[in-house]
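Shown next, in structure tokens, is the structure this report addresses.
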Number of protein chains: 2
Amino acid sequence: MKKLSFAEENYLKAVYHLSNAGEFDVTTNSIAEEMDTKAASVSDMLRRLSEKEMVVYRKYQGVKISEKGKIAALQVIRKHRLWEVFLVEKLKFNWDQVHEIAEQLEHIKSPLLIQRLDDFLGHPKFDPHGDPIPDENGLFKEKPQVPLAEVEISGDGIVVAVKDTNSMFLQHLDRIGIYLGAKTKVTEKVEFDGSMEILVDGKNKLFISKEVAENVLVTH
Amino acid sequence: MKKLSFAEENYLKAVYHLSNAGEFDVTTNSIAEEMDTKAASVSDMLRRLSEKEMVVYRKYQGVKISEKGKIAALQVIRKHRLWEVFLVEKLKFNWDQVHEIAEQLEHIKSPLLIQRLDDFLGHPKFDPHGDPIPDENGLFKEKPQVPLAEVEISGDGIVVAVKDTNSMFLQHLDRIGIYLGAKTKVTEKVEFDGSMEILVDGKNKLFISKEVAENVLVTH
DNA sequence: ATTTATTTTTAGATTAATCTAATATTATTT
DNA sequence: AAATAATATTAGATTAATCTAAAAATAAAT
């Protein structure tokens, strides 16, 4: 099976990420939005990916990733996340600076390189945003993650991931003192606007908006 | 000035590498051969690179790299060689395995990444094949290198580079016990076929062919 | 259950990078 | 110096990836 182009890999990742439980639940427009491109380009690419059997595509209905496609997508995701670990752990980048660079590095084709990189990094299981790193077979364990917004009062948690990974949001988190691994306790919830008060590491009292509460994920 | 495409960067590197002292001394066919492509494709690309003022192109006469083009080419070469150091020093690749992967990595666009990588590697001045690594400004010092073939009898040297970097040749060197940093002494030269006898590290007596002697570079 | 609105696909163009085949230029050899 | 050979360029096609505008299909609303 021929190598995928960068563009094909990116579309495949988008389909994978937009998939939920449902069958054919990924729409053309959602892919176009995610990838900042036009619906017409998406239709075209879905036809091509379908020919290569990377997705199952039903015109006007939606698309789902195939088994073959899922394996390919997970390898790209594996590479992306391993490179992110490298950038943060070894090259001292901040977690809000690594996404763009990893978007480029994820397309480098060399299984041996990724194996060696994985060895070098000590086989990390999670990336700097707390997302799990699939192994060579695409297997990974998801930590059960809940948005802070859904934690009940006095509930404890550890920040393990963020839903929104855009740079502005991550910088805001840094500024207010929320980081990966921080211990959280919900001390107050404001019904009408979804904001809440939390205690970080048992000492810093913080007010966070609904937007922040919905995008910070914790395990409990 | 817009970013160069991967293809443009590769052509630019080829023009740079094929340049000698002369003006417009790089020919279409030599580029086509170096890049394993057709002369027609080269003509086309030279026209485009010329429009971007990366090369000075005289139809039917030849091409030379521009100042702007040289800077761009040296940055790509810098990245290539830094990644090679990373692969060998950190990921434990052999020097004959890194070229292909570095060919991909050299196109990653992020000045900060390269600065950090350079820091991480301790600002190496030479890559695993002994080639100098240009600094951020494209400056580098060339070690004075001489092919073993040109060393006179009883002349000492240290292997610092190879002219031919193809994998088969490097593997051959590994097999016969010639490596970067090896100490050499020419003990005998055979006039009629250009072969010679050398002593590696003062203990291993080796017979090497003219081809090998011409492609192994030493300082003395 | 039609009409209207939304979503999706197709048709037709465009750009980058490549190719083959034909043409043009330069170099070499009688 | 004309003929031949070698090199290089252009013309015309092709493929991947994109776009805009038009057409088709589905969903929503009256």
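A, B, ... follow the sequence lines: proteins, then strands. Residue 1 opens every chain. All figures in this text were calculated on a predicted structure; none of them were measured in a lab.
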So which nucleotide from dT18(D), dT8(C), dA17(C) ends up closest to the side chain of Tyr11(A)?
->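 Among dT18(D), dT8(C), dA17(C), the one nearest the side chain of Tyr11(A) is dT18(D).
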Candidates dA17(C), dT9(D), dT18(D) - which lies nearest the side chain of Ala7(A) =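 So the side chain of Ala7(A) is nearest to dT18(D).
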What's the [atom1]-[atom2] distance between [X] and [N], to the nearest Å?
X	N	atom1	atom2	value
Met35(B)	dC19(C)	CE	C1'	15 Å
Glu33(A)	dT7(C)	CD	P	10 Å
Lys38(B)	dC19(C)	NZ	P	6 Å
Lys52(A)	dT15(D)	NZ	C1'	11 Å
Glu9(B)	dA16(C)	CD	C1'	15 Å
Phe6(B)	dT18(C)	CZ	C1'	17 Å
Met45(B)	dT10(D)	CE	P	16 Å
Asp44(B)	dA16(C)	CG	C1'	9 Å

Does the ring of Phe126(B) carry Arg81(B) above it, NZ/CZ under 6.0 angstrom from centre and within 45° of its axis?
->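 Output no; distance or angle outside limits.
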Under 6.0 Å from the six-membered ring centre of Phe120(B) and within 45° of its axis: does the NZ or CZ of Lys90(B) meet both?
->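 Yes, a cation-pi geometry.
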So, does [X] get its side chain near the phosphate of [N], meaning an N or O under 4.0 Å from OP1 or OP2?
X	N	result
Thr28(B)	dT7(D)	no
Thr37(A)	dC19(D)	yes
Asn29(B)	dA6(D)	no
Tyr60(A)	dA27(D)	no
Lys59(A)	dT8(C)	no
Arg47(A)	dT9(C)	no
Ser41(A)	dT18(D)	no
Ser5(A)	dA17(D)	yes

Check ion pair [X]-[Y] (N to O, under 4.0 angstrom):
X	Y	answer
Asp118(B)	Arg78(B)	yes
Glu51(A)	Arg47(A)	yes
Lys13(A)	Glu106(A)	yes

Would you call the rings of Trp83(B) and Trp83(A) parallel, tilted or perpendicular, where under 30° means parallel and over 60° means perpendicular?
->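 Perpendicular, since the angle between the ring planes exceeds 60°.
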Would you indicate what Ala40(B) reaches in the nucleic acid, counting non-hydrogen atoms under 4.0 angstrom: base, sugar-phosphate, or nothing?
->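 Base, at least one base heavy atom under 4.0 Å.
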Which part of the nucleic acid, if any, lies within contact of Tyr57(A), taking any heavy atom under 4.0 Å across all strands shown: a base, the sugar-phosphate backbone alone, or nothing?
->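 The answer is sugar-phosphate, as Tyr57(A) gets under 4.0 Å only of primed atoms, P, OP1 or OP2.
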Residue whose nearest DNA chain C nucleotide is more 5′ - Arg58(A) or Asp36(B) =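 The residue whose closest nucleotide sits nearer the 5' end is Arg58(A).
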